[in-house]
Structure formats: C-alpha cells, structure tokens
Amino acid sequence: MRKGKVFQLDDYLVKTTNLRKYYSEEGRLSFFSLVSRKSLVKAVDSIDLQIHKNEVLGLVGESGCGKSTLGKTIMRLEEPTSGSIFFENRNITQLSQEELKPIRRKMQIIFQDPASSLNPRKTVLETISQPLKVHGLVSGKSAIVERVADLLQKVGLEKDHMERYPHQFSGGQRQRICIARAIALNPIFLVADEVVSALDVSIQAQILNLLMILKNDLNLSILFISHDLSVVRQVSDRVAVMYLGGIVEMAPSENLFSSPFHPYTQALISAIPVPDVEIGWSPVILHGETPSPSQRPEGCFFHPRCPKAFDLCEKEGASLNEIAQGHFVACHLYRAREAFQS
C-alpha cells in the first residue's frame, strides 16, 4: 500500500469547485398519456476536488457512479453543466476550444478500451505522431520517426512496431501504444480511465508499473479511475470514493483502507477478497439495487442501502466534513469533528 503524502492545500494542479454534469433524459411514453417527461441524470453533482502536483488520486466506486464522466468533464471532453475547473490556478471552465489548445498539451487522457481508442486504419507511427503534428512540436519525417521511436522505447515497445497496425498487437501492447500517445506532448496531468480493467492480471501489473515509472520520470499528476480497489490501493496517494455522482469519502490511501468511515466505503473494502484462506472473510452485503441517477432518493442518496441509516439520513443530504487530518466523510454519523472525537 502506498503511504499517503502530505500536500499543501494551495499546492494543487487541478481543482474543481461545485462541479456538475447533468444530462437530459427522455422519459418513456406513458400508457395513459402521450406526453413524454424529461428527467435529469445527475452524473456528477457538486464535486469539490483537488489533485496536487506529482500526486496519484484514485477515484473508485461502482459502475455508473459517475467516475468516467467526472474525468472527462475535468478534461473538458464533456462540457460542465455548472461549477468551475481550475488548472494551474487558471479557470478553464469557459475557455473556447482555441484557447484550450495550448492547455490540452499539458493534460491528456488514457481510455479504458485500447482497441476502440486506436484507429484501426492507422499505423502506430501515424497514431502517435498525430498530436505532435497538430501542436507543431516536431517537424520533418526523420525527427518525427526519432520522437516516436523514443516514446515507444519509454513504454516498452520496439522501433520496429511503429509500422504495424493495432490489430497486430496484444491488449497490453495496445494500451502501451495509448500511453505513448498520451505522453507524446509532455503532459503534466493524466486521466487514466480504467486503464487495466480489460487486461489480464499479469499484464495489469506491468502496465501499473509502467505508469508509476512514467509518473516519477515525467513528474506527472494522475487521476486514476478504477472500480478495482486492490489496484487503486497499490498506486494511489489519496483515494476519493464516489456514489451516485457525489464523493462520500476522501482520504490518504493508507488511512482510507485501514480506517474507512463511510458505510459505503466499508462495504467496498470488505468486498476485497482475502488470499489467505485461514483469515476469516466477512464482506458487508448491501441490500437493494443502486438507484438510478435520474431518480435519486431524498436526503442522503445512500440511506436506502445503508445499514446504519437513521431518521436524519432520509431528510437531509450530507456534505463532506474533515473528521481527521486530510480525511473527509459525507455522513451524518460524523457531522463534525467535535462529534466524532467525542
């Protein structure tokens, strides 16, 4: 497990304040009415987040909780509904695509499925050289070939691979190509969106090790999105836990896994399999289904499934409170630090 670093509050690279991303969803036609109703899918709702320089922030939660949408919204691949996104102390929320262009050199994303994120009709050379040409960083065929060869070497591939097409590579090799493309512009911030979920366990370890080497060599900050807590535990300095579009707990990795406070986090961590059969394994079973983001419960969104819910949970939503140094929880059980300490 990575030990959490101590970061200064104002030493952030990326910050979001009250960030929201809503989608309009057409309701189904009623048998008794020909009028369809629209509902809002609150994929990301009121997110306050900071990612520090040279930090790996893990973002975890069940499928459909809004993790990938949050990552894409921070990158401005999805336009935010409201709120603000700051990058290097600059508000980039309302910048035009032309104004964003120099900033995009510094922030890149690696997608979950390398097969679908690579153009099957382009060679590795064409794929990796494209961002170099768009941003005018390298000119001349020999210089481009030299730069692509260097990038391939950085991710563990050979110069001879640059004339091949994506279908000629394994899943792990394709993800290495995607990583090479992502670091081609010398970014300082990466969004790694489920980058190992489609890979075999042995290949996962190789890709994770590669990311950590590149992080240190290139001084990267990474938003590492995953539903696999075991993977997040290995690579993250801090971890944020999402549920139904909101963050319910955030803490240094070591603290979160050793002392989770939110009932949802406790359930997720308890579900991590224990390899030693002699150690008793008692996962917390959450009852009921995850509600739809367009029909979230009143009050705390988690209360219908929470084993510790009480009356206030049904009436009032919970906001993130710092209950220990750097450890934030959105739960009425810990409404204030004084209440927790008592």
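Since the model is a prediction, treat every value here as computed from it, not as a measurement.
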Distance check, rounded to the nearest 0.5 Å: [X] atom [atom1] versus [Y] atom [atom2]?
{"X": "M75", "Y": "L190", "atom1": "CE", "atom2": "CG", "result": "8.0 Å"}
{"X": "Q234", "Y": "L211", "atom1": "CD", "atom2": "CG", "result": "11.5 Å"}
{"X": "K67", "Y": "F224", "atom1": "NZ", "atom2": "CZ", "result": "11.5 Å"}
{"X": "F87", "Y": "F189", "atom1": "CZ", "atom2": "CZ", "result": "7.5 Å"}
{"X": "H303", "Y": "L312", "atom1": "NE2", "atom2": "CG", "result": "11.0 Å"}
{"X": "L59", "Y": "L70", "atom1": "CG", "atom2": "CG", "result": "5.5 Å"}

Do side-chain atoms of [X] reach the backbone of [Y] as a donor and acceptor pair under 3.5 angstrom?
{"X": "E314", "Y": "D311", "value": "no"}
{"X": "E99", "Y": "S96", "value": "yes"}
{"X": "N219", "Y": "K215", "value": "no"}
{"X": "T16", "Y": "I47", "value": "yes"}
{"X": "H135", "Y": "L132", "value": "no"}
{"X": "N209", "Y": "A205", "value": "yes"}
{"X": "T17", "Y": "D48", "value": "no"}
{"X": "R76", "Y": "L95", "value": "yes"}
{"X": "Q108", "Y": "R104", "value": "yes"}
{"X": "S253", "Y": "V239", "value": "no"}

Looking at [X] and [Y], what are the two nearest heavy atoms and their distance?
{"X": "R20", "Y": "S46", "answer": "NH2-OG, 2.9 Å"}
{"X": "V231", "Y": "Q204", "answer": "CG2-OE1, 4.0 Å"}
{"X": "T93", "Y": "P80", "answer": "CG2-CG, 3.8 Å"}
{"X": "A330", "Y": "I247", "answer": "CB-O, 3.9 Å"}
{"X": "L57", "Y": "S236", "answer": "C-OG, 4.4 Å"}
{"X": "S139", "Y": "A143", "answer": "O-CB, 3.4 Å"}

Show me the side-chain donor-acceptor pairs of residues 120-128 shorter than 3.5 Å, one per line, residues at least two apart or across chains.
from: K122; atom 1: NZ; to: Q130; atom 2: OE1; distance (Å): 3.3
from: T123; atom 1: OG1; to: E126; atom 2: N; distance (Å): 3.2
from: T123; atom 1: OG1; to: E126; atom 2: OE1; distance (Å): 3.4
from: E126; atom 1: OE1; to: T123; atom 2: N; distance (Å): 2.8
from: T127; atom 1: OG1; to: T123; atom 2: O; distance (Å): 3.1

Quiz item: Who are the side chain to side chain donor-acceptor pair (under 3.5 Å) partners of S170, not counting sequence neighbours?
Solution: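 Residues passing side chain to side chain donor-acceptor pair (under 3.5 Å) with S170: Q173.
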Quiz item: Counting only heavy atoms not in E98, do more than 12 sit closer than 6.0 Å to its CD atom?
Solution: no
Quiz item: In terms of heavy-atom contacts, does CD of E62 have more than 12 from other residues, nucleotides or ligands at under 6.0 Å?
Solution: yes
Practice problem: State yes or no: do Y165 and L152 share one hydrophobic cluster built from I, L, V, M, F, W and Y residues joined by side-chain heavy-atom distances below 4.5 Å, directly or via other members? | Solution: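 In one cluster with Y165: L152, no.
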Practice problem: May I ask whether I183 and I213 are part of the same hydrophobic cluster, defined by side-chain heavy atoms of I, L, V, M, F, W, Y residues being less than 4.5 angstrom apart, directly or through others? | Solution: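 The answer is no; the residues belong to distinct hydrophobic clusters.
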Practice problem: Report yes if the distance between the aromatic ring centroids of Y334 and H262 is under 6.0 Å, otherwise no. | Solution: no
Self-check item: Test side-chain contact (heavy atoms from CB on, under 4.5 Å) applied to I188 and E88, step by step
Solution: CA-CA 10 Å; I188 56 177; E88 292 188 307; 3.4 Å; yes
Quiz item: Do H227 and V60 come close enough that some side-chain heavy atom pair is under 4.5 Å?
Solution: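 SC-SC contact between H227 and V60 ruled out.
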Quiz item: Can you tell me if E78 and T69 form a side-chain donor-acceptor pair at under 3.5 Å?
Solution: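 E78 vs T69: no donor-acceptor pair found between side chains.
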Got a salt bridge between [X] and [Y], using NZ or NE/NH1/NH2 to carboxylate O under 4.0 Å?
{"X": "K21", "Y": "E79", "value": "no"}
{"X": "E298", "Y": "K315", "value": "no"}
{"X": "D45", "Y": "R296", "value": "yes"}

Practice problem: Test side-chain contact (heavy atoms from CB on, under 4.5 Å) on L151 and R147 and set out the steps. | Solution: CA-CA 6 Å; L151 289 165; R147 174 61 175 157; 3.8 Å; yes
Quiz item: Do the numbers put K308 on top of the ring of F310, so that NZ or CZ is under 6.0 Å from the six-membered ring centre and no more than 45° off the axis?
Solution: no
Quiz prompt | Lys NZ or Arg CZ of R174 over F169 ring: under 6.0 Å, within 45° | solution = no
Exercise. Going by the salt bridge (charged side-chain N to carboxylate O under 4.0 Å, His left out) test, name the single residue among E249, E55, E254 that passes it with R238.
Key: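 The single option meeting the salt bridge (charged side-chain N to carboxylate O under 4.0 Å, His left out) with R238 is E55.
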